[in-house]
Amino acid sequence: MMDSSGRTAVPSIKRLDEAVVNRIAAGEVIQRPASALKELLENSLDAGATSISVVVKEGGLKLIQISDNGHGISYEDLPILCERHTTSKINSYEDLQTITTLGFRGEALASMTFVAHLTVITMTEGQIHGYRVSYKDGAMEGEPRPCAAIKGTQIMVENLFYNVIARKKAFKNPSEEYSRILDVISRYAIQKIGVSFSCKKHGDSRTDIHTDSTSSRTDAIRAVYGPGVARELVSVTASDDDPSHSIFKMDGYISSANYSAKKTTMVLFINDRLVECSSLKKAIEVVYAAILPKASKPFLYISIAMPPEHVDINIHPTKREVSFLNQESLIDSIQKAIEAKLMQSNTTRTFYTQTLLSRSLGVPDEAEESMPVQTQGGRNLKAPVNKLVRTDPSNPAGRMLAFMQKSLAGHVGSGNGLVDTKPVEMPMEDTRKIMDLTKNEEFAAEVQEDQTGLNALNGAHLQNNKVHKIAQMDASSLAGREALEHNISQANEDSRNELTTTRRLVRQRRNLKERAELTSIQELLATIDQETHSGLEDIVKHCTFIGMADERLCFVQHKTYLYLLDIVKLSKELLYQQVLRRFGHFNVIQLSNAASLYELLVIALDEEEQSGRWHESDGPKDQIAQLNVELLMCKAQMLQEYFNLSIDESANLCTLPLILDQYTPDMDRLPQFVLNLGNNVDWETEKECFDSVAAAIGEFYAIHPPLFPRPSVTSSEVYQPAKAAEISQVPRRLETDVNSEPVQESVPQSGADEPEVEDEFRLEAENAWAQREWTIQHVLFPAMKLFLKPPHHLANNGAAIQVARLENLYKIFERC
C-alpha cells in the first residue's frame, strides 16, 4: 500500500470486531462434530448425570442432541448461559490448581452459538415445568418459554458450521464423523462405569452404543469394543508415592499376547479427563513389539490419578492434551509395569492354523493329521478333526483330481495300437503360476479372463514338441546333448515371453477408455448388485472344485460343506452378466465361413418341429425364417455396435462377441440362438431389448452338455451304427477356428467302414466331453469366482444343493 509520496505505508493495528473474534475462537474450540459432542458430554458429566443419551443426524452436521438427568440449569442462569467465559466451575485462576471438573473455560457453548443453532431445554429439581430457549452469537433469542420436561438438560446443536462454508465442505463423509462421535462416547463409557450411555442415528430405533450404569468395566469394554477384545484383557496396576520421582496411581486393562489388531487402540484418562499422550503410547508399543507379530498392535485402557496440582490442563484449545510433572519417570514406571504383567501372562499362546492334505497318495505325515493350535503348560491341544478344512480354494493342489493316479481311460484300443485321447490338461507348474498371480490384486481380475492359461498350455505343448524332436537325435553324442539343452532353454524362454506379452495385452484390453453410459445398462447392472445372494456368492468365490457328478452338476467343497452346483444355470447367469459389463466393448470371434441367417433359421425350425414345438398352424417355416431374417437385418447396425454380432448385406452372420477369453460357445446351438434373437427379444423398449439380447447370448454361450452321447470311460463298448447315424445328423457346418480351413466331414453310414465310423465318433465324443470338463474347471470356475454375482432365484431353484457336512459325517462314522 502506497501513500501520496510514493512510500510504502505502515499498516495500522485495528481492534477486530467482536463477532470476528468470537468466530475465530469458535473455530479453535469446535473443530468438528466430535469435538462439540465431547464438550457437551463433559458438561453432562459435570452436572452429575447418571444417564446420557445422544442422537446424531448426518454425522453431527445436521443435529447433535444430548439428553441427561443431571441437576439442570437454573432459570436465573439462562440469560448468560452461552456468553463467553461464563462458568460455574471456577471463581479464580488459582482454582485451576485444584480443579476436578472437566470444563472450566466457559467457551464451549458460546463457541457453538457462533457456528450453529443451539437450543436448550432444562429443568431443575423441584420445578413443575422446564424452560426452552434458543441462542445465537452468544446471546439468548427471546425469553425462556415454559415447556414440558424432565429433570436434567437437553441440548440440540443444529446446522453445525452453517456459516463456515469451507469447514463444512471439508467434512465429505458423514459416516466418518459419526464414527468419531461413537469413539468419543465409547471411551467415556469405559471410564464412567456408573453412568449409562447410549447413542444412535436420528430416525433409527437401534442404538449403536449402549452401556448400563451397573456394568463392570470389562462389561463396558465388551459392550463397546466386542467380546474379542474383552476375552484377551489383562488387568494391570502401578503406583508411586515418591515425590522425587512421581506421585500417581494407575490401573487399567491391556490386551494379552494373543490379541492383535491393525492399529493401536489407546484409551487414556488422566484425572478422569480424556487425553492423548504420544510418548506414553510409543513406550508401550515398544514393549508389545517384542511380543506381537510384525504390524500387530494392542488394545490399551489406562486410567491415571495424580494430584491436580501436578497437572496443567490448560495447554490445548480442546483440552486434548495435558502436561504433568515428572512425565519421563511416570512413563518409565508404567512401561515396566506393563512389561512385567505381559511376561507373567505369557504362559498361554493361541495360534490359528489350518492343515492341508498332502498331494502324495501315501499315508499322511504325522504333522498333517492334526496340528497343535494351543500350548499350555507344555501340553499340546489338538484341533478337532471334524472342524479342519483340508483344501485350499486358491491352490490347484486342493483339487480332488490332484490326489488321484493318472488313468489310462483316455487311451482307446484301435487296431494294433493305442489312440491317445486323454483330455487336455494344464501342467501343474503353469497352473500354480496362474493361481499365484490371482493372489495379487493387480492380476486377480484379469488372470482368469485373459488368455494366460491357454498360452501357458500352448507354451508347454510347444516345449514338449521341441524336446520330443531333439530327443530323436543321438543323445549319446556331445553335440546332441548340447542341442537338447539349448532347445529346452529356448522353449522355456519362449513360454515366459508369451505369458508376459499376453498380460500386457490384457491390461490394455481391460482398461477401457470409455464405459457404458447408457442409463438402461447402468440400471440393469444396479439390479444385479441389488439382487445378489451373499451366501451363494461366498460359496462360489471360496469353493474348491472337485469334479463333475453328471452332465450338469459338479461337486464343490466350501469350508466343511459339500455342494452340488448346476454348472449350466450358473454359467448362463455368469455370461449374461458379462455381456452387460462388456457392453459395447467386445472382442470378436470371426467365423471362418459366414453363416446364412436363413439357413440357420430353417435348421432351428426343423429342430423345433422334431421336438414338437412347431406345428403347421404356426405358419410355413420358410415364411417364418424370412420374416426373422428381415427383422435381424433391420437391427444389424445395433447388434454390430453394441454386441459385435456382425451381419453382412447378404444376411450372413460373420462374427460373434467374445464374452470370456479361452471360451467359445457350442456352434451346434447357433441355429437356436439366431431363432431366439428373432422370436424372444423385445425390440420396442431399450432396457428390455438389451436385457433380452443379453439373456439370449447367455443361453447360447452357457456350457450345455455336448450333443454327443457321453461314452462310458470304463466300458469296452463302442458306438453302435445307429448311434453313429444319430450323431451324424447333428449340424456341423460351422467352425470358429480362424487359423484353419473348415473341415468337411464325410460320414459313412454303413458297410465295411462301420468300425472306423464307430471309433471316429467315439473319439470325437470323448474329446468333446473331456474338453468341456477342462473348460469348466480351468475357465468357467475361475471366472465365476471373480465375476459372478448370483441372484436370489439361483439359491431357490436347485442351482446349489448341500449334499453333506463334515461334522455330520463324523457323527455317522462314530456310530459305525
Side-chain angles (χ1 to χ4, degrees), residues 357 359 390-412 421-428 431 435 448 453-454 457 536 539-558 561-575 660 662-666 668-669 698-699 701-715 717 719 727 761-786 788 790 794 797-804:
L357 288 181
R359 292 187 63 247
R390 303 171 185 268
T391 59
D392 183 0
S394 66
N395 191 336
R399 294 184 286 108
M400 186 65 72
L401 296 179
F403 296 86
M404 300 180 179
Q405 293 282 9
K406 301 289 184 180
S407 71
L408 297 178
H411 298 282
V412 181
T421 62
K422 65 179 181 180
V424 179
E425 192 161 323
M426 185 179 294
M428 287 300 300
T431 306
M435 295 309 296
Q448 301 303 343
L454 188 58
L457 178 64
L536 185 54
I539 292 174
V540 173
K541 284 186 180 297
H542 302 102
C543 69
T544 301
F545 179 84
I546 297 176
M548 297 300 298
D550 61 15
E551 59 187 22
R552 292 182 64 95
L553 302 177
C554 66
F555 283 111
V556 299
Q557 179 183 337
H558 178 254
Y561 295 85
L562 183 66
Y563 291 92
L564 276 175
L565 299 184
D566 191 323
I567 193 65
V568 177
K569 293 179 180 178
L570 292 176
S571 64
K572 185 187 303 183
E573 182 64 29
L574 167 69
L575 292 159
L660 286 179
Q662 307 180 43
Y663 180 72
T664 55
D666 185 356
D668 292 336
R669 301 183 183 274
E699 173 70 28
Y701 278 68
I703 191 156
H704 298 279
L707 297 181
F708 293 97
R710 186 168 191 170
S712 173
V713 176
T714 58
S715 174
E717 296 180 359
Y719 277 20
I727 297 172
F761 280 106
R762 181 182 180 86
L763 178 61
E764 190 170 358
E766 287 176 343
N767 286 336
W769 282 93
Q771 181 63 35
R772 176 177 185 262
E773 185 164 346
W774 187 94
T775 302
I776 290 172
Q777 181 175 346
H778 295 285
V779 179
L780 281 180
F781 252 90
M784 285 194 294
K785 287 187 175 186
L786 289 172
L788 179 61
L794 285 182
N797 66 356
I801 303 172
Q802 180 184 329
V803 178

Please find the pair of heavy atoms, one from [X] and one from [Y], that lie closest to each other, and give the distance.
{"X": "Asp566", "Y": "Gly798", "value": "CB-O, 4.1 Å"}
{"X": "Leu553", "Y": "Met548", "value": "O-CE, 3.6 Å"}
{"X": "Ala799", "Y": "Leu794", "value": "CB-O, 3.1 Å"}
{"X": "Ile567", "Y": "Met784", "value": "CD1-CE, 3.6 Å"}
{"X": "Ser571", "Y": "Ile703", "value": "OG-N, 3.2 Å"}
{"X": "Pro705", "Y": "Arg669", "value": "O-NH2, 2.9 Å"}

> What do the steps show when you test Val540 against Phe781 for side chain to side chain contact (heavy atoms under 4.5 Å, CB included), and what is the final call?
Replying inline: CA-CA 8 Å; Val540 173; Phe781 252 90; 5.8 Å; no

> Hey, mind stepping through Leu570 and Leu780 against side chain to side chain contact (heavy atoms under 4.5 Å, CB included) and telling me if it holds?
Replying inline: CA-CA 9 Å; Leu570 292 176; Leu780 281 180; over 6 Å; no

> Arg772 side chain to His704 main-chain N or O, any donor-acceptor pair under 3.5 Å?
Replying inline: yes

>> Between Tyr701 and Tyr663 (side chain of the first, backbone of the second, donor and acceptor by atom type, cut-off under 3.5 Å), is there such a pair?
In response: no

> Looking at CZ of Phe545 and CD of Glu773, how far apart are the two atoms once the value is rounded to the nearest 0.5 Å?
Replying inline: 5.5 Å

> Testing Thr544, Leu565, Leu562 for side-chain contact (heavy atoms from CB on, under 4.5 Å) with Phe555, which one passes?
Replying inline: Leu562

>> Going by the rule salt bridge (charged side-chain N to carboxylate O under 4.0 Å, His left out), which residues pair with Glu699 if we only count those two or more places apart in sequence or in a different chain?
In response: Lys572

>> Please enumerate all residues that pass side chain to side chain donor-acceptor pair (under 3.5 Å) together with Lys569, with sequence neighbours excluded.
In response: none

